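Because the structure is a prediction, the values reported are computed rather than measured. Residue numbering restarts at 1 for every chain, and letters A, B, ... go by the order of the sequence lines.
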Amino acid sequence: MEKQYYEQGDTIILNQTQDFHIQHILECGQCFRFEKIEENVYQLIAHRKKLRIGQEKNQITFYPMSMEEFTTLWITYFDLERDYGVIKQQLSQQDPILQEAISYKPGIRILRQDPWECLISFIISQNKRISHIQQVIHYLCEAFGDKINAEDGSSYYTFPTPQQLAKATETDIRGCKAGFRAPYIVDACHKVIHGEVDLQNLYQLPTSQAKQELLKIKGVGPKIADCVLLFAYGRYEVFPTDVWIQRMMKIFYLGEEATHQQIQQYAKEKFGNLGGFAQQYLFYYGREKQITKKQ
DNA sequence: GCCCAGGCACTCA
DNA sequence: TGAGTGCCTGGG
């Protein structure tokens with residue numbers, strides 16, 4: 001992306017609103033530690049920071065933010081160097097359904113999140129609504145993360161590190177309303193701390209091997225592994241297939257009888273390295289419009 | 001009160 | 001190997 005951002009006091013202003021919509025980015029189901037303050041104004045906690053992101057017609061503001069912090073952390077986080085225009089064009093060209101899904105929420109971008117936080121968040125996500133997932137994560141952060149006092153006098157909690165979370169017993173984690181997922185979180189802590197699953201090393205591995213590593217953790221199946229690969233490791237060729245995506249693929253492309261495997265195979269052939277992006281447009285579209293049968 | 005939600009593990013054929 | 005079922009919890 002061309003350099004379309006500049007510093008103004010303790011705010012960074014981004015003049016690139018074509019392929020960036022803060023609501024689409026945060027509410028498309030890829031991340032959970034955000035809060036809507038008002039229309040098009042959100043608070044986000046990531047990288048141990050809390051920031052306020054506002055979007056008006058032609059500009060997006062990040063506050064509080066220095067140019068240095070923006071360039072070292074947030075350009076990567078928001079994937080700002082990637083030209084989503086090209087991706088959207090490629091996907092739209094081959095398919096009217098995707099074209100519709102993309103034009104419905106054109107401002108989606110795939111965030112590059114912290115693998116550990118992403119892993120735990122998606123373990124929590126099974127059988128839960130987003131508000132509930134957010135609640136459990138909040139409890140975990142409050143109980144085991146660091147409390148940070150912001151300059152404006154407010155405070156917030158960081159996402160607990162594996163070491164911090166490992167101090168929790170299964171009972172503690174159940175106390176955070178994690179329910180049957182509590183032992184899964186304990187297992188994730190154990191395997192990560194003892195190096196049985198090396199999250200840093202996954203960056204170096206081919207996607208299929210990285211997936212095998214993630215699957216070693218209890219409570220992590222193909223869907224959650226794919227979500228982590230996509231939202232933390234930037235493996236855009238994966239196609240996380242949950243119930244919504246399954247519905248969409250059956251309704252729009254493959255028919256009711258299609259198996260999970262056929263869906264994966266079809267997505268691989270059709271979307272290739274853009275599978276992750278296609279998935280996210282389709283998912284958000286389907287869920288928002290509650291598409292549960294052929295229109 | 002009942003049903004079910006952005007899956008997974010476990011069991012049993 | 002594949003299908004069926006239970007799971008914490010809270011919101012509709």
Rounded to whole angstrom units, what separation is found between the [atom1] atom of [X] and the [atom2] atom of [N]?
| X | N | atom1 | atom2 | value |
| --- | --- | --- | --- | --- |
| I137(A) | dT9(C) | CD1 | C1' | 15 Å |
| D226(A) | dG6(B) | CG | P | 18 Å |
| H138(A) | dT9(C) | NE2 | P | 18 Å |
| H132(A) | dC7(C) | NE2 | P | 17 Å |
| I173(A) | dT9(C) | CD1 | P | 14 Å |
| F283(A) | dG6(B) | CZ | C1' | 5 Å |
| H260(A) | dT1(C) | NE2 | P | 18 Å |
| Q135(A) | dG10(C) | CD | P | 6 Å |

* Asked: For the residue pair Y184(A) and F180(A), does the interplanar ring angle fall in the parallel (under 30°), tilted (30 to 60°) or perpendicular (over 60°) class?
  -> perpendicular

* Parallel, tilted or perpendicular: rings of H24(A) and Y284(A) (30°, 60°) ->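 The arrangement is perpendicular - the two ring planes meet at more than 60°.
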
* Scan residues 19-33 of chain A against DNA chain C and write down, sorted by residue number, each residue with any heavy atom closer than 4.0 Å; if none is found, say none. => none

* For nucleotides 7-13 of chain B, just jot down a letter per nucleotide in 5' to 3' order: B, S or -, based on protein non-hydrogen atoms under 4.0 Å. => BSS----

* Structure fact -> With Y84(A) as partner, the option from F277(A), Y281(A), Y236(A) fulfilling ring pair (Phe, Tyr, Trp, His ring centres under 6.0 Å) is F277(A)

* Which value, in whole Å, describes the distance between the P atoms of nucleotides dG6(B) and dG12(C)? ->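 About 13 Å, rounded to a whole number of Å.
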
* Asked: Using atom P of each nucleotide, how far apart are dC8(C) and dG1(B) to the nearest Å?
  -> 22 Å

* Which listed nucleotide (dC8(C), dG6(B), dG10(C)) is nearest to the side chain of R174(A)? ->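 Closest nucleotide to the R174(A) side chain: dC8(C).
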
* To do: With heavy atoms under 4.0 Å as the rule, sort R181(A) into base, sugar-phosphate or nothing.
  =>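 Result for R181(A) = base.
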
* Asked: With a non-hydrogen cut-off below 4.0 angstrom, is I130(A) in contact with a base, only sugar-phosphate, or nothing?
  ->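 Touches a base.
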
* Asked: With Watson-Crick and G-U wobble geometry limited to distances under 3.5 Å, how should the secondary structure of DNA chain B be encoded in dot-bracket form, using | for bases paired to another strand and [ ] for crossing pairs?
  -> .||||.|||||||

* So does D19(A) pair up with R82(A), basic N to acidic O under 4.0 Å? ->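 Looking at D19(A) and R82(A), the cut-off is not met.
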
* Contact nearer the 5' end of DNA chain C, comparing A178(A) with S131(A) ->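 By nearest-heavy-atom nucleotide position, the 5'-most residue is A178(A).
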
* Would R235(A) and L230(A) count as a side chain to side chain contact (heavy atoms under 4.5 Å, CB included) if you check the C-alpha gap in whole Å, the side-chain angles of each, and the deciding distance to 0.1 Å? -> CA-CA 5 Å; R235(A) 304 303 172 95; L230(A) 179 59; 5.9 Å; no

* Backbone N/O of F32(A) and side chain of Q134(A): donor-acceptor pair under 3.5 Å ->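 A pair under 3.5 Å: yes.
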
* To do: Check the pair L199(A) / Y233(A) against side chain to side chain contact (heavy atoms under 4.5 Å, CB included), numbers first and verdict last.
  => CA-CA 10 Å; L199(A) 293 180; Y233(A) 293 98; 3.5 Å; yes

For residues 96-104 of chain A, please give each side-chain donor-acceptor pair under 3.5 Å, one per line with the distance, not counting sequence neighbours.
{"residue": "E100(A)", "atom": "OE2", "partner": "Y285(A)", "partner atom": "OH", "Å": "3.1"}
{"residue": "S103(A)", "atom": "OG", "partner": "Q99(A)", "partner atom": "O", "Å": "3.1"}
{"residue": "S103(A)", "atom": "OG", "partner": "E100(A)", "partner atom": "O", "Å": "3.1"}

* **W244(A) CH2 to Q279(A) CD distance, which is reported to the nearest 0.5 Å** =>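 Interatomic distance, W244(A) CH2 to Q279(A) CD, rounded to 0.5 Å: 13.5 Å.
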
* Structure fact -> When rounded to the nearest 0.5 Å, the distance separating SG of C189(A) from CG of L119(A) is 9.0 Å

* Asked: Heavy-atom distance under 4.5 Å between the side chains of E117(A) and I120(A), does that happen here?
  -> no

* Test of ring centre spacing under 6.0 Å for F78(A) and F70(A) ->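 Aromatic pair excluded; centres sit 6.0 Å or further apart.
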
* Asked: Can you check whether Y5(A) and F62(A) have ring centres sitting under 6.0 Å from each other?
  -> no

* Near-strand residues of residues 100-108 of chain A, defined as heavy-atom separation under 4.0 angstrom from DNA chain B -> none

Identify each donor-acceptor pair in which a side-chain atom of residues 35-45 of chain A lies under 3.5 Å from a protein atom, sequence neighbours left out, and give them as a table.
{"residue": "K36(A)", "atom": "NZ", "partner": "E39(A)", "partner atom": "OE1", "Å": "3.2"}
{"residue": "Y42(A)", "atom": "OH", "partner": "E27(A)", "partner atom": "OE2", "Å": "2.7"}

